[in-house]
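A, B, ... follow the sequence lines: proteins, then strands. Residue 1 opens every chain.
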Protein chains: 2
Amino acid sequence: MPKTLSIQTKNPGNTPELIAASLRTAILQGRLESNQPLRQDQIAELFGVSKIPVREAMVQLRAEGLIEFAPNRGFVVSELSPAEVEEIYVMRMALETKALERAIPKLRSADLIRAASVLEISETEEDRSQWGELNWEFHSTLYQAAEWPRLLNTIRVLHNNVGRYLLIYLGGLSARDASQAEHKKILQACQKRDVDRAVKILQQHLSRASRRLVVFLCDQGDHTIKGVKS
Amino acid sequence: MPKTLSIQTKNPGNTPELIAASLRTAILQGRLESNQPLRQDQIAELFGVSKIPVREAMVQLRAEGLIEFAPNRGFVVSELSPAEVEEIYVMRMALETKALERAIPKLRSADLIRAASVLEISETEEDRSQWGELNWEFHSTLYQAAEWPRLLNTIRVLHNNVGRYLLIYLGGLSARDASQAEHKKILQACQKRDVDRAVKILQQHLSRASRRLVVFLCDQGDHTIKGVKS
DNA sequence: TAAAGTATAATCGTATACGATAATTGTCAA
DNA sequence: TTGACAATTATCGTATACGATTATACTTTA
C-alpha cells in the first residue's frame with residue numbers, strides 16, 4: 001500500500017468519484033501493483049469516510065477493468081496476461097483509427113498547437129509517473145476533435161488498462177524516444193490533413209507498442225498465468 | 001415502473017449483480033423507459049434489500065451506459081440521441097468486424113449449428129421482448145469463437161445500449177425479415193470460411209440498422225435533445 | 001394573479017453497527 | 001513433525017438510521 005493516496009479537504013465533487021479517481025491514478029502510476037488487495041476499511045480510513053462510498057468507487061473501477069472482484073474476498077488490482085494486452089491493443093487499434101479518421105478534418109489549430117506543446121513538455125518531463133498521462137494527453141487531444149465522447153471514453157479506459165505496463169516498458173529510454181518520434185510523425189500527418197498517412201503511422205505505433213509490451217511481459221521473470229504463480 | 005422486476009428467493013449469486021441483471025433486462029426489454037427515474041428505496045423494497053446493494057448495481061449500470069446519474073438527484077434510464085446511436089454503431093462496426101475476422105477460422109461446427117438454431121428459433125419467436133436477446137445470441141455465438149473476452153464484453157455493452165431502440169424498430173416485420181435474411185447470409189459466409197464476405201455483409205448489416213434507427217429516431221414525434229423536450 | 005418565500009415531504013448519501021464469510025493461528029492426535 | 005480440526009481474528013456485505021439535499025405544496029405579498 002502506498003504511503004498516502006490522497007487526502008481530501010472538503011467534498012467538491014461526489015465522494016465515490018473522487019475516491020475512484022485517486023485509486024485510478026495510483027494504479028496507473030504503478031503505486032498500486034497487480035494482485036494487491038484493496039482493503040475497504042483501510043481505504044475508507046485513508047479518505048476519512050465509511051466503506052460505502054469506497055465500495056461504489058471500486059464497482060466503478062471494476063467496470064473499467066482496473067480491479068477485479070471475488071465475492072467475500074474483495075477487490076484486487078488486475079493483472080494482464082500477454083494475451084490480454086494483445087487483445088486490448090487490437091481494440092485500441094480498431095477504435096483509435098476510427099477516432100483519428102474522423103478527427104483530422106475537424107482539428108482546429110488550437111488542437112494542433114496543444115498536441116505539439118504536449119509533445120514538447122514530454123521531452124523535458126523527468127517524472128516517469130507523468131509519462132502515461134502525457135501520452136494520453138497527446139492522443140486524446142487529437143481524438144477529441146472527432147466529437148464522439150463515448151468512443152473517446154472507451155479508448156481512455158483501454159488506454160488506462162495498459163497504462164501501468166506501458167510505464168514500465170517506456171522506462172527504457174530508447175523505447176521512449178521511438179515513441180516520441182512516432183508521435184511527431186502522427187502530428188505532422190495531422191497538420192497536413194493526411195488521414196491515410198496518420199492512420200497508418202498510428203497503426204504502426206500501436207502494433208509496435210503491443211509487440212514490445214508482450215515481449216516484455218513474456219520475458220519478465222515471472223511466468224504468471226492470471227495471477228497464479230506457476 | 002413495471003409491475004414486477006424480479007423476486008429473488010435466496011442469494012445464489014451476489015446481490016448487486018442480480019439486481020443489475022434484473023434492471024438491465026428490464027431496460028433492454030423496454031419495460032423501463034428512457035428518462036424514467038430509478039428510486040432507490042422503491043427498487044430496494046422490490047428486491048427485499050436495502051439501498052446499498054441497489055446503489056452498487058446502479059453504479060455498474062451507469063458504467064455500462066444504460067443509466068445516468070446526477071448527484072443528489074439519482075439515476076434515470078439513459079436516452080440516446082440519433083448522434084449517439086450513430087456513434088455506437090461506428091464503434092460496433094469497428095469492433096465486431098475484428099471479432100468476426102478472428103472468429104471465423106476458429107469456429108467449430110458446434111458454433112455454426114448453434115448459430116443456425118438461434119436463427120430458426122428467431123423465425124418462430126412471437127414474443128418481441130425476446131428478439132433483442134436472440135439477436136445477441138446469434139452475433140455472440142459467432143464472436144465468442146475469437147476468444148477475446150474483453151472485446152466480446154465491450155461489444156455486448158454496446159449492443160445493449162442500442163437494444164431498446166432496436167426492439168422498437170424491429171417491430172416492423174419487414175425490417176425484421178431483412179435483418180434475418182442478413183443474418184443468414186453472414187452465417188453462410190461463415191460456413192464457407194469466407195472472411196471478407198462475412199465482414200462485408202456484417203458491415204452492411206450494421207450500417208443499415210444504424211441508418212434505419214437514426215431515421216426512426218428523427219421521425220419519432222418528439223424532437224428531443226438529450227432528455228430536454230423542446 | 002404572479003412572484004417570492006416558507007414549510008413540508010420525498011429522496012439521496014453515507015456513517016454506524018452487526019451478522020456472515022474467509023483467513024489465520026493454535027491445538028491435538030497420529 | 002504433520003495433518004485435521006477448532007478457536008480466533010480479519011474482512012466482507014448490508015440493514016438500519018439519520019443528516020443533507022432537492023422537490024413539492026402552501027403561503028404571503030405586491
Side-chain angles (χ1 to χ4, degrees), chain A residues 1-2 5-23 26 32-63 66-78 226-229, chain B residues 1-2 5-23 26 32-33 35-63 66-78 227-229:
Chain A
M1 191 60 63
L5 284 167
S6 143
I7 285 120
Q8 70 182 18
T9 50
K10 270 292 172 56
N11 196 343
N14 91 328
T15 315
E17 215 57 72
L18 290 173
I19 296 168
S22 178
L23 292 173
L32 288 171
E33 291 182 0
S34 296
N35 298 315
Q36 174 159 358
L38 299 173
R39 299 296 168 207
Q40 301 171 11
D41 295 333
Q42 188 181 350
I43 291 166
E45 198 179 5
L46 213 55
F47 287 95
V49 298
S50 79
K51 285 189 295 190
I52 284 145
V54 171
R55 284 180 59 90
E56 285 183 18
M58 287 181 175
V59 172
Q60 173 66 35
L61 294 176
R62 179 187 56 170
L66 292 177
I67 68 181
E68 285 166 17
F69 171 76
N72 280 310
R73 312 259 247 91
F75 297 85
V76 300
V77 178
S78 302
K226 276 296 270 175
V228 180
K229 310 273 180 183
Chain B
M1 192 61 62
L5 284 168
S6 143
I7 286 121
Q8 70 184 18
T9 50
K10 269 294 173 53
N11 198 344
N14 91 325
T15 315
E17 215 56 74
L18 289 172
I19 296 168
S22 178
L23 292 173
L32 288 170
E33 290 182 1
N35 297 315
Q36 174 159 357
L38 299 173
R39 299 297 168 206
Q40 300 171 11
D41 295 335
Q42 188 181 351
I43 291 166
E45 197 178 6
L46 214 54
F47 286 95
V49 298
S50 79
K51 286 189 296 190
I52 284 148
V54 171
R55 284 179 59 91
E56 286 183 18
M58 287 181 174
V59 171
Q60 172 67 34
L61 294 175
R62 179 187 55 171
L66 292 177
I67 68 181
E68 285 167 17
F69 172 77
N72 280 310
R73 310 258 250 89
F75 297 86
V76 300
V77 178
S78 303
V228 181
K229 310 274 180 184

query: Quick one: which of D/dG13, D/dA15, C/dC12 gets closest to the side chain of A/K51?
result: D/dG13
query: Do any side-chain nitrogens or oxygens of A/T15 fall under 4.0 Å of OP1 or OP2 in C/dG13?
result: no
- line: Which of A/R62, A/R55, A/K51 passes salt bridge (charged side-chain N to carboxylate O under 4.0 Å, His left out) with B/E56? Answer is A/R55
query: Please give, in whole Å, the distance from C/dG13 P to B/M58 CE?
result: 10 Å
- prompt: What is the nucleic acid contact for B/F69, judged by heavy atoms within less than 4.0 Å: base, sugar-phosphate only, or nothing?
  reply: sugar-phosphate
message: Can you tell me how far apart CG (B/L46) and CD1 (B/I19) are? Round to the nearest 0.5 Å.
response: 9.5 Å
- prompt: A/R39 side chain: which of D/dT11, C/dT11, D/dT22 is closest?
  reply: D/dT11
query: Which whole-number value in Å describes the distance from B/E56 CD to C/dG13 P?
result: 14 Å
message: Distance check needed: D/dG13 P versus A/R62 CZ, whole Å only.
response: 10 Å
message: How close do B/A20 and B/L61 get, counting heavy atoms only, and between which atoms?
response: O-CD2, 3.8 Å
- request: Between B/P71 and A/I52, name the one whose nearest nucleotide on DNA chain D is closer to the 5' end.
  value: A/I52
- request: Considering non-hydrogen atoms only, spot the tightest contact between B/P16 and B/A57 and give its length.
  value: O-CB, 3.4 Å
field: Whole-Å gap separating C1' (D/dG13) and CZ (B/F47)
entry: 17 Å
field: Atom-to-atom span, CZ of B/F75 to P of D/dT22 - whole angstrom
entry: 15 Å
- prompt: What does B/R73 touch in the nucleic acid at a heavy-atom separation under 4.0 angstrom: a base, only the sugar-phosphate, or nothing?
  reply: sugar-phosphate
- prompt: Which pair of non-hydrogen atoms, one from B/M58 and one from B/L38, has the smallest distance, and what is that distance?
  reply: CE-CB, 3.5 Å
query: Are any of A/S50's side-chain N or O atoms less than 4.0 Å away from OP1 or OP2 of C/dT14?
result: no
query: How many Å lie between CG on A/L18 and C1' on C/dG13, as a whole number?
result: 14 Å
query: Quick one: A/N14 CG to D/dT22 P, roughly how many Å, whole number?
result: 12 Å
message: Nearest to the A/N72 side chain among C/dC12, C/dA15, C/dT21, which nucleotide is it?
response: C/dT21
message: Please report the distance, rounded to the nearest Å, between CG in B/D41 and P in D/dA17.
response: 13 Å
- line: B/R55 has its side chain closest, among D/dT11, D/dT14, C/dG13, to C/dG13
